[in-house]
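To start, the structure under review is shown below, and the notes come after it.
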Amino acid sequence: MDERGSCAVVVRDATKDDMAELYEMIQELAVYEKLTDDARLNIEDLVRDGAGPQPWFGCKVARVGVDVGVGVGVGEGRGPLAGYALFHRAFGTCSGRCLKLEDLFVREPFRRRGVGASLFAAVAEEALALGCRRLELHVLAWNPARSFYEARGAEELSARWRLYRLGPDELRRAAHAHSSSHAHSSSHAHSSSHAHSHS
């Protein structure tokens with residue numbers, strides 16, 4: 001298991017046993033970001049997509065209270081997780097492999113203790129290990145965490161790029177529009193062929 005630590009912070013890969021607590025932290029982040037209406041995942045989704053045979057995402061979790069210099073210390077395996085970083089693979093036609101940081105969250109009692117920095121470093125290491133040439137992330141415009149990423153070299157791209165998204169309903173409409181158009185074209189071609197055979 002990949003594990004890295006700094007003084008009292010240990011970061012490791014999340015396991016199936018962490019998914020219930022990961023779900024709790026995702027809900028806490030949704031409250032902080034005022035996005036509770038968008039939080040529709042359940043624990044079963046996280047287990048399937050994060051700890052299944054073909055995972056869609058990777059996740060690092062952090063715990064505070066371990067002195068990795070002397071082996072297993074006080075707090076390892078006990079008490080709540082301090083935070084998490086959830087990420088997934090992506091691909092760009094300009095630079096090839098990249099990693100997308102979806103969430104980085106540290107619980108309030110553990111902030112300003114190096115947890116966020118340790119999680120971010122672990123994700124950066126993961127990106128390098130996978131041969132990625134860049135790490136991408138989105139931050140809400142009002143979120144003061146922007147300065148955290150900017151201090152680590154992240155470039156804001158809003159002047160050149162716009163973020164777009166299709167929700168479930170829009171996605172279904174887009175797919176249906178294509179299938180309807182294809183069916184209409186096929187029907188028209190068949191009608192033309194049928195009329196020709198009787199001319």
Side-chain angles (χ1 to χ4, degrees), residues 1-36 39 41 43 46 49-51 55 57-90 97-158:
M1 181 179 295
D2 178 43
E3 193 168 279
R4 71 186 305 278
S6 175
C7 296
V9 179
V10 164
V11 176
R12 60 172 173 81
D13 294 321
T15 68
K16 181 179 179 180
D17 293 337
D18 296 312
M19 293 302 154
E21 193 166 1
L22 174 61
Y23 174 79
E24 293 177 2
M25 291 190 287
I26 290 173
Q27 300 306 307
E28 293 170 26
L29 175 60
V31 170
Y32 173 76
E33 293 186 328
K34 304 176 180 63
L35 296 173
T36 51
L41 291 179
I43 297 174
L46 296 175
D49 294 335
F57 69 85
C59 184
K60 305 288 184 181
V61 292
R63 191 182 297 279
V64 175
V66 181
D67 184 351
V68 296
V70 294
V72 178
V74 177
E76 174 63 3
R78 294 176 241 158
L81 293 172
Y84 76 95
L86 191 149
F87 53 89
H88 55 85
R89 301 181 187 190
R97 296 180 185 180
C98 61
L99 210 63
K100 169 72 185 303
L101 177 60
E102 186 69 22
D103 291 345
L104 194 159
F105 176 70
V106 178
R107 284 171 155 163
E108 180 64 36
F110 303 104
R111 292 175 188 167
R112 292 171 293 279
R113 298 174 65 175
V115 177
S118 293
L119 283 167
F120 188 78
V123 174
E125 289 179 0
E126 183 82 11
L128 291 174
L130 291 171
C132 298
R133 299 185 65 182
R134 69 184 187 215
L135 175 65
E136 295 188 345
L137 55 115
H138 297 133
V139 185
L140 290 169
W142 58 262
N143 194 335
R146 292 170 57 186
S147 61
F148 172 89
Y149 299 112
E150 290 168 359
R152 285 158 178 78
E155 176 189 4
E156 184 187 357
L157 301 176
S158 60

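Note that these values count all heavy atoms, side chains included, but never hydrogens, waters or copies made by symmetry.
Of the possible donor and acceptor atoms, none in the side chain of R12 sits under 3.5 Å from a partner among the backbone N and O of V61. A side-chain donor-acceptor contact under 3.5 Å links R97 to the backbone of L130. Judged purely by atom type and a 3.5 angstrom limit, R134 has no side-chain atom pairing as donor or acceptor with the backbone of L99.
Salt bridge annotation for R89-E126: absent, with no cationic side-chain nitrogen under 4.0 angstrom from a carboxylate oxygen. Residues R152 and E150 are not paired through a salt bridge, judged by the lack of any N-O separation under 4.0 Å between the basic side chain and the carboxylate. Between D18 and R63 there is no salt bridge, since no side-chain N of the basic residue sits under 4.0 Å from a carboxylate O of the acidic one. A salt bridge links E21 with R107; the closest basic N to acidic carboxylate O contact falls under 4.0 Å.
You'll find the side chain of F87 stays beyond 4.5 Å of the side chain of L135, heavy atoms only. In this structure, the side chains of T15 and D13 stay at 4.5 Å or more apart for every pair of heavy atoms. When side chains are defined from C-beta on, K34 counts as touching W142, because their heavy atoms get closer than 4.5 Å. Side-chain contact check for E24 versus Q27: every heavy-atom pair is 4.5 Å or farther apart. Under the 4.5 Å side-chain criterion, counting only non-hydrogen atoms from C-beta, I26 is in contact with L46. At least one side-chain heavy atom of E28 sits less than 4.5 Å from a side-chain heavy atom of F105.
The line from OG of S118 to NZ of K60 is 12.5 Å long, rounded to the nearest 0.5 Å. One finds the CG atom of L22 at 6.5 Å from the CG atom of L86 (value rounded to the nearest 0.5 Å). Within the model, atoms NZ of K100 and CD of E136 stand 7.5 Å from one another, a figure rounded to the nearest 0.5 Å.
When all heavy atoms are compared, the tightest approach of C98 to C132 is C-SG, 3.6 Å. Pairing each heavy atom of V115 with each of A62, the nearest pair is CG1-CB, 3.7 Å. Residues A122 and V11 come closest through the heavy atom pair CB-CG1, 3.7 Å. Residue L119 comes nearest to G83 through the heavy atom pair CD1-C, 3.9 Å, listed as atom of the first residue, atom of the second, then distance. When all heavy atoms of R146 and A141 are compared, the pair lying nearest together is NH1-O, 2.9 Å. Closest non-hydrogen pair, P80 versus F110, comes out as CG-CZ, 4.1 Å.
Checked against the 6.0 Å centroid criterion, the rings of F120 and Y149 qualify as a close aromatic pair.
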